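Take a look at the structure below.
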There are 2 protein chains.
Amino acid sequence: MGLTKTEGYTQAQIELATIAKVLGHPARVAIVQHLLEINACIGNDLMDVLPLSQPTISRHLAELKKVGIIQGTIEGSSMNYCINPHRWREIRQMLGGLLGKEPGEQCC
Amino acid sequence: MGLTKTEGYTQAQIELATIAKVLGHPARVAIVQHLLEINACIGNDLMDVLPLSQPTISRHLAELKKVGIIQGTIEGSSMNYCINPHRWREIRQMLGGLLGKEPGEQCC
DNA sequence: TCTAATTATTGCAATATTGCAATATCACAA
DNA sequence: TTGTGATATTGCAATATTGCAATAATTAGA
């Protein structure tokens with residue numbers, strides 16, 4: 001049904017999956033990398049960085065914003081998007097908590 | 001068109017997004033956590049762990065296997081799935097490389 | 001005011017994802 | 001050989017995602 005079940009999982013699992021899902025598109029990975037790199041950016045710069053149209057970029061930005069990875073403030077008639085540092089560390093904790101687990105020895 | 005463009009991104013960005021996407025579902029997060037926890041598992045155990053039917057679980061396992069996170073060996077008429085330790089560390093490196101970047105000071 | 005620049009939203013069309021029921025496969029045991 | 005248990009595959013149906021063109025909304029400047 002294209003609809004992900006949510007009952008039967010912990011809140012942490014759902015949050016983790018939600019974050020991972022948002023990072024699950026090369027355009028959004030590229031946006032995050034770019035923002036981390038230059039540490040601030042007006043949305044229009046992204047037109048030169050991504051192989052996508054302006055509306056599509058706007059959509060990806062909206063999704064990153066929805067989970068709090070980025071935040072934007074209005075700067076005249078343009079936008080200033082940047083990483084939300086607090087949220088970013090939170091996400092690092094969440095994903096790091098999973099990734100940090102050591103798998104046992106080769107078992108099969 | 002529901003189809004993600006791949007030209008215009010680096011191979012690393014695409015790989016990173018692919019991994020993140022696979023982890024972008026609570027069932028798959030739960031499977032990975034479970035496998036890391038018990039360090040081996042026959043697929044049928046998952047019926048008790050996940051709120052999903054057997055065919056659906058099988059599909060999620062196939063997706064985890066496709067990107068190499070898990071591997072399975074045949075054990076009689078059942079399967080032994082476990083984390084691929086080498087691949088897991090590789091993934092930790094990839095995602096860690098992104099997550100580890102420090103965002104600058106609050107800028108907007 | 002009129003226009004240009006910038007970003008967001010809407011409206012499609014195409015493809016992908018998720019889920020279950022039904023069925024197929026395969027190994028093992030009786 | 002027949003049946004049982006375990007897993008995979010197929011075949012839907014419903015929803016989600018991705019992308020662009022067109023358009024709206026907003027601000028700044030002439």
Side-chain angles (χ1 to χ4, degrees), chain A residues 1-9 13-14 17-31 34-35 40-67 70-82 108, chain B residues 1-9 13-14 17-31 34-35 40-67 70-82 108:
Chain A
M1 310 144 170
L3 180 54
T4 297
K5 265 191 175 180
T6 53
E7 329 91 61
Y9 303 108
Q13 285 168 336
I14 294 174
T18 303
I19 295 293
K21 189 174 183 181
V22 168
L23 291 176
H25 191 290
R28 295 191 288 265
V29 167
I31 290 173
H34 187 64
L35 284 177
C41 132
I42 41 178
N44 215 23
D45 291 357
L46 292 172
M47 299 273 284
D48 305 325
V49 177
L50 301 178
L52 296 172
S53 67
Q54 180 270 323
T56 302
I57 292 173
S58 186
R59 277 250 271 256
H60 286 303
L61 287 168
E63 249 166 300
L64 287 167
K65 199 157 125 191
K66 198 166 63 183
V67 298
I70 66 174
Q71 61 192 179
T73 51
I74 300 173
E75 173 100 2
S77 67
S78 64
M79 284 294 279
N80 256 340
Y81 279 113
C82 67
C108 58
Chain B
M1 313 153 168
L3 179 54
T4 297
K5 265 191 178 181
T6 53
E7 329 90 61
Y9 304 109
Q13 286 168 336
I14 293 174
T18 303
I19 295 293
K21 190 175 183 181
V22 168
L23 292 175
H25 191 292
R28 295 191 289 263
V29 168
I31 291 173
H34 187 64
L35 284 177
C41 133
I42 42 177
N44 214 24
D45 292 357
L46 292 172
M47 299 273 284
D48 306 326
V49 177
L50 300 177
L52 296 172
S53 68
Q54 180 269 322
T56 303
I57 292 174
S58 186
R59 278 252 270 255
H60 285 304
L61 287 169
E63 249 166 298
L64 286 167
K65 199 157 123 192
K66 198 166 62 182
V67 298
I70 67 174
Q71 61 192 180
T73 51
I74 300 173
E75 173 100 2
S77 67
S78 64
M79 284 295 278
N80 257 341
Y81 281 112
C82 68
C108 57

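Values in this document were obtained by computation on a predicted structure and should not be read as measured data. Proteins get letters first, then strands, A, B, ... in listed order; numbering begins at 1 in each.
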For this session: Show your working on side-chain contact (heavy atoms from CB on, under 4.5 Å) between A:Leu61 and A:Leu46 and close with a plain yes or no.
Result: CA-CA 10 Å; A:Leu61 287 168; A:Leu46 292 172; 3.9 Å; yes
Which part of the nucleic acid does [X] contact within heavy-atom distance under 4.0 Å: base, sugar-phosphate only, or nothing?
X	value
B:Ser78	sugar-phosphate
A:Lys21	sugar-phosphate
B:Thr4	sugar-phosphate

Separation of [X] atom [atom1] from [N] atom [atom2], in whole Å?
X	N	atom1	atom2	value
A:Met79	D:dT26	CE	P	14 Å
B:Lys66	C:dA16	NZ	C1'	11 Å
A:Arg59	C:dA8	CZ	C1'	11 Å
B:Glu63	C:dG19	CD	P	10 Å
B:Leu61	D:dT7	CG	P	9 Å
B:Met47	C:dC20	CE	P	10 Å
A:Lys5	C:dG19	NZ	C1'	8 Å
B:His60	C:dG19	NE2	C1'	8 Å

Exercise. Does a nitrogen or oxygen in the side chain of B:His25 sit under 4.0 Å from OP1 or OP2 of C:dA16?
Worked result: no
Exercise. Distance check: side-chain N/O of B:Tyr81 vs OP1/OP2 of D:dA8, anything under 4.0 Å?
Worked result: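 Looking at the OP1 and OP2 atoms of D:dA8, one of them is under 4.0 Å from a side-chain N or O of B:Tyr81.
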Exercise. What nucleotide among D:dC20, D:dT15, D:dT9 has an atom nearest to a side-chain atom of A:Leu3?
Worked result: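 Taking heavy atoms from C-beta onward, the closest nucleotide is D:dT15.
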Exercise. When rounded to the nearest 0.5 angstrom, what distance separates CD in A:Gln71 from CG in A:Leu35?
Worked result: 10.5 Å
Exercise. Got a second to check how far B:Asn80's CG is from B:Thr73's OG1, nearest 0.5 Å?
Worked result: 4.5 Å
For this session: Could you list all the salt bridge (Lys or Arg N to Asp or Glu O under 4.0 Å) pairs where at least one residue sits in residues 53-63 of chain A, not counting sequence neighbours?
Result: A:Arg28-A:Glu63
Problem set entry | Test side-chain contact (heavy atoms from CB on, under 4.5 Å) applied to A:Ile31 and A:His60, step by step | CA-CA 9 Å; A:Ile31 290 173; A:His60 286 303; 4.0 Å; yes
Exercise. Once each nucleotide of nucleotides 21-30 of chain C is scored for protein heavy atoms under 4.0 Å, what B/S/- sequence comes out, 5' to 3'?
Worked result: BB----SS--
Exercise. Any donor-acceptor pair under 3.5 Å linking the side chain of A:Lys5 with the backbone of B:Pro51?
Worked result: yes
Problem set entry | Under 3.5 Å donor-acceptor, B:Ser58 side chain and B:Gln54 backbone | no
Exercise. If you pin A:Arg28 and B:Asn80 to their nearest nucleotides in DNA chain D, which one's is more 5'?
Worked result: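 Nearer the 5' end of the strand: B:Asn80.
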